[in-house]
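So the structure is just underneath, and the comments pick up after that.
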Amino acid sequence: MYLENIHLRQCGSIEVICGSMFSGKTEELIRRINRVKIAKRKIQIFKPTIDSRYSKTDIVSHANSTSEAIPVQNARVISNLVEADTEVVAIDEAQFFDVNVLDVVRELVDQGKRVIIAGLDMDYLGQPFGPMPDLMAMADDVYKCRAICMKCGHLANFSYRISNASQQVMIGAKQEYMPLCRCCYAEMMQEKK
């Protein structure tokens, strides 16, 4: 009886794509978005307005893959913009949203929507970034992307900030950040002290 009834209800899901800068998070998100489109499922894509590095309206990977998105000031706005017949909701750069993104994601999943989220798991100090740890804990699936260390060539998990700026949120690209492995990150951070 249980297996027969499971198909009568719509079950939502949460997928989190995380990792350091330059690890391919947005590239992976766009890959999944394209597969949803191929399957002819209705999808809506969101990004925080704060991230306007490459485009104000599109999500753009460092490899220049793009997908049209709706820029939003805060996560709460997403709830108001998601249409009833939308099956999949994609959110890029989720680390820039406040904790309200957790409630928004729960609401979407309770409505039976598949939610795909991409974001940095750690900030430049190697600390958990914004709501990402909670989103990862809530997720049905977590996919960790890894970059290549710019010093030694090993796999990298850390986003090293080149400048001495100390604010947690600093939008940037290759001029401001470089991916490093744990050992090289520790060495570079020690040199900064």
Quick one: are [X] and [Y] in side-chain contact, heavy atoms under 4.5 Å?
{"X": "F46", "Y": "I59", "value": "no"}
{"X": "C18", "Y": "V142", "value": "yes"}
{"X": "V36", "Y": "K42", "value": "no"}
{"X": "N80", "Y": "I78", "value": "no"}
{"X": "E87", "Y": "D85", "value": "no"}
{"X": "Y177", "Y": "Y160", "value": "no"}
{"X": "V72", "Y": "T49", "value": "no"}
{"X": "S20", "Y": "M122", "value": "no"}

Quick check against the 3.5 Å criterion: does [X] have a side-chain atom that pairs as donor or acceptor with the backbone of [Y]?
{"X": "Q44", "Y": "A90", "result": "no"}
{"X": "Q95", "Y": "D121", "result": "no"}
{"X": "K113", "Y": "A84", "result": "yes"}
{"X": "N100", "Y": "D103", "result": "no"}
{"X": "K47", "Y": "I91", "result": "no"}

| field | SB check E107 R76 (cutoff 4.0 Å) | value |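 Yes, charged N to carboxylate O under 4.0 Å.
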| query | Using 4.0 Å as the upper bound for N to carboxylate O, is an ion pair formed by R31 and E28? | reply |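 Salt bridge between E28 and R31, a charged N being under 4.0 Å from a carboxylate O: yes.
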Rounded to the nearest 0.5 Å, what's the gap from [atom1] on [X] to [atom2] on [Y]? Could you check?
{"X": "K151", "Y": "E187", "atom1": "NZ", "atom2": "CD", "answer": "5.0 Å"}
{"X": "L29", "Y": "I17", "atom1": "CG", "atom2": "CD1", "answer": "5.0 Å"}
{"X": "I117", "Y": "F97", "atom1": "CD1", "atom2": "CZ", "answer": "10.0 Å"}
{"X": "R161", "Y": "L125", "atom1": "CZ", "atom2": "CG", "answer": "7.5 Å"}
{"X": "S79", "Y": "L108", "atom1": "OG", "atom2": "CG", "answer": "6.0 Å"}

| message | Applying a strict under-4.5 Å side-chain criterion to I, L, V, M, F, W and Y, I'd like to know whether V109 and V77 cluster together. | response |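 Linked within one cluster.
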| said: List the residues meeting ring pair (Phe, Tyr, Trp, His ring centres under 6.0 Å) with F158, not counting sequence neighbours, and say none if there are none. | reply: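 Counting only residues at least two positions away or on another chain, F158 forms a ring pair (Phe, Tyr, Trp, His ring centres under 6.0 Å) with Y185.
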| task | Decide salt bridge (charged side-chain N to carboxylate O under 4.0 Å, His left out) for R114 and E15; before the verdict, give the C-alpha distance in whole Å, the side-chain angles of both, and the deciding distance to 0.1 Å. | result | CA-CA 8 Å; R114 175 184 173 199; E15 302 164 33; 2.5 Å; yes
| query | Looking just at side-chain N and O atoms, do D92 and T26 make a donor-acceptor pair shorter than 3.5 Å? | reply |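 On atom types as modelled, these side chains qualify, holding a pair under 3.5 Å.
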| field | Within 6.0 Å of CE in M189, more than 12 heavy atoms from elsewhere | value |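 Yes, CE of M189 has more than 12 neighbouring heavy atoms, counting only those of other groups under 6.0 Å.
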| salt bridge (Lys or Arg N to Asp or Glu O under 4.0 Å) partners of R182, counting only residues at least two apart |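 Checked R182 against salt bridge (Lys or Arg N to Asp or Glu O under 4.0 Å); zero matches.
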| field | salt bridge (Lys or Arg N to Asp or Glu O under 4.0 Å) partners of R146, counting only residues at least two apart | value |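 By the salt bridge (Lys or Arg N to Asp or Glu O under 4.0 Å) rule, R146 matches no residue at all.
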| Cation-pi check, R32 onto Y143 ring (under 6.0 Å, within 45° of axis) |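 Output yes; distance and angle both within limits.
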